[in-house]
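All values reported here derive from a predicted model rather than from experimental measurement. Numbers here are sequence positions counted from 1.
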Amino acid sequence: MKRSSAHAALLLAVIGALVSLLGTGCASVSAVDAEPVVGALQEPPLTANTLHAELRLPLLRCQLPAIEMSAAGQRQFVQTELDCLTKAWDPALRAAGMSLAPLQLVVVDNVTTGCSKQVQSTDPAFYCGGNVYWPTDDPIHRGWGSQLGQYLMFVVMHEYGHHLQSSTGILRSADRDIDTAGEKSPLGLELSRRIELQAQCLAGVMLAAAQAGGMLPPAEAVDLIDIQSDTEEDPTHGTGVNSRRWVEAGYRGASTSSCNTWAAALDEVE
């Protein structure tokens with residue numbers, strides 16, 4: 001997948017939208033457990049969570065439909081991928097004594113209410129309270145052309161990474177710590193970055209399984225990793241350098257053991 005200055009510009013533009021969502025009561029822009037999720041386990045310490053064990057996915061061979069930008073078309077694409085990821089992750093987690101919580105897709109093609117805030121169709125996708133909120137008019141989607149399907153596939157993987165964090169209790173523990181520290185305090189922002197960068201790493205694990213299963217060629221997988229460097233530094237999501245670092249860690253390691261951002265040095269989660 002070829003990168004372009006248009007892609008970088010779009011990524012920079014969407015950062016403003018992400019930052020504008022701060023202060024809405026969400027502990028993290030794209031990952032929040034507003035309420036307890038049924039089926040989630042009692043949380044162990046974040047650094048010792050069972051998700052950080054050597055969990056690997058089988059080859060992913062999701063039969064994704066061609067992306068259509070109507071609300072119905074996006075719903076079909078995203079729901080198909082979410083179902084495929086659940087089918088792959090469920091046995092992996094069960095083998096480690098964990099289970100996935102229920103997951104719902106909420107497609108936003110106008111305005112809806114979710115997680116105590118108004119969600120616009122132009123917002124970025126985000127995870128909250130067991131739901132993936134998928135706005136249909138995110139402006140970052142417009143510059144990808146024929147490569148849009150691969151990009152959206154990765155976005156879904158990132159949000160599914162948050163679902164793994166939610167199912168294993170990581171999000172609830174981290175969000176409580178953020179509430180205690182203060183959402184915009186240095187520690188609160190650091191914890192938000194650890195959440196987001198771990199989701200990036202988990203997306204990298206899924207990307208490796210998808211590439212190995214023939215869903216995309218290695219060159220396109222590498223380009224999806226490289227494009228992460230083009231994102232502007234954000235206090236809740238981290239630098240582009242670290243965003244890429246953690247996607248690559250998950251992709252190269254192909255295991256959740258590569259994704260323990262909670263034990264990482266501070267400079268790796270800035």
Side-chain angles (χ1 to χ4, degrees), residues 11-37 40 42-47 49 51 101 106 108 111-120 122-135 138 140 155 158-203 228 231-243 245-246 259-270:
L11 285 166
L12 295 177
V14 84
I15 293 298
L18 287 166
V19 174
S20 70
L21 291 174
L22 290 173
T24 61
C26 296
S28 171
V29 170
S30 64
V32 190
D33 263 359
E35 297 179 1
V37 176
Q42 183 175 2
E43 307 92 285
L46 286 170
T47 56
N49 191 283
L51 185 62
V106 180
V108 182
V111 180
T112 191
T113 301
C115 292
S116 303
K117 68 188 182 75
Q118 290 294 107
V119 185
Q120 310 289 329
T122 52
D123 289 337
F126 68 100
Y127 180 92
C128 182
N131 298 319
V132 171
Y133 287 85
W134 189 268
D138 183 349
I140 200 173
V155 174
H158 175 95
E159 301 310 328
Y160 205 93
H162 289 314
H163 185 52
L164 295 174
Q165 292 172 317
S166 177
S167 296
T168 56
I170 288 174
L171 276 188
R172 281 206 310 278
S173 289
D175 285 345
R176 279 201 297 265
D177 290 346
I178 289 171
D179 287 342
T180 299
E183 182 180 336
K184 296 183 180 181
S185 69
L187 178 56
L189 293 171
E190 176 195 328
L191 292 169
S192 292
R193 293 193 300 272
R194 290 184 189 273
I195 290 172
E196 294 298 336
L197 293 169
Q198 182 172 51
Q200 284 287 82
C201 184
L202 293 169
Q228 310 304 316
T231 57
E232 190 175 66
E233 181 174 353
D234 177 77
T236 63
H237 286 61
T239 64
V241 169
N242 280 332
S243 182
R245 176 206 299 269
W246 284 101
C259 298
N260 192 351
T261 57
W262 308 99
L266 183 59
D267 64 349
E268 295 179 338
V269 293
E270 290 180 337

| task | Indicate yes or no: at least one non-hydrogen side-chain atom of D123 is less than 4.5 angstrom from one of V108. | result | no

| said: Contact between L46 and D177 at the side-chain level, heavy atoms closer than 4.5 Å - yes or no? | reply: yes

| So, do L171 and Y127 sit near enough that their side-chain heavy atoms are less than 4.5 Å apart? | yes

| Which heavy atom in V119 sits nearest to a heavy atom in G114, and how many Å separate them? | CG2-N, 3.9 Å

| note | Taken to the nearest 0.5 Å, the spacing of T47 OG1 from R194 CZ works out to 10.0 Å

| What are the two closest non-hydrogen atoms of G188 and I178, and how far apart are they? | O-CG1, 3.8 Å

| query | Can you tell if the side chain of L266 reaches within under 4.5 Å of the side chain of E190, non-hydrogen atoms only? | reply | yes

| said: I'd like to know if the side chain of W246 reaches the main chain of E268, judged simply by a donor and an acceptor atom lying under 3.5 Å from each other, with no hydrogens or angles considered. | reply: yes

| request: Answer yes or no: is there a side-chain heavy-atom contact under 4.5 Å between E159 and Y133? | output: no

| task | Taking all heavy atoms of N242 and all of E270, pick out the closest pair and write down the distance. | result | ND2-O, 2.9 Å

| Main-chain N/O of R172 paired to D175 side chain as donor or acceptor, under 3.5 Å | no

| task | Without swapping roles, check the side chain of Q165 against the backbone of I195 for a donor-acceptor pair under 3.5 Å. | result | yes

| request: Drop me the distance from T112's OG1 to Q118's CD, to the nearest 0.5 angstrom. | output: 7.5 Å

| Residue pair Q198 / H162, side-chain donor-acceptor N/O under 3.5 Å | no

| query | When you measure from the side chain of T239 to the backbone N and O of E233, does any donor-acceptor pair fall under 3.5 Å? | reply | no

| For L197 and T261, which heavy atoms make the closest approach, and how far apart are they? | C-CG2, 3.9 Å

| Taking the side chain from S185 and the backbone from A181, do they hold a donor-acceptor pair closer than 3.5 Å? | yes

| remark: Shortest non-hydrogen pair, D138 vs A125, comes out as OD2-N, 4.4 Å

| query | Atom CG in L202, atom CD1 in I170: separation rounded to 0.5 Å? | reply | 7.5 Å

| field | Beyond-backbone contact of Y160 with V132, side-chain heavy atoms, under 4.5 angstrom | value | no

| Partner residues of R193 under the side-chain hydrogen bond (donor to acceptor under 3.5 Å, both in side chains) criterion, sequence neighbours left out | none

| C115 versus G129, closest heavy-atom pair with distance | SG-N, 4.4 Å

| Going from OG on S167 to CG on L51, what distance comes out if it is rounded to the nearest 0.5 angstrom? | 9.5 Å

| Results of side-chain hydrogen bond (donor to acceptor under 3.5 Å, both in side chains) for S243 - residues two or more places apart only | Q200

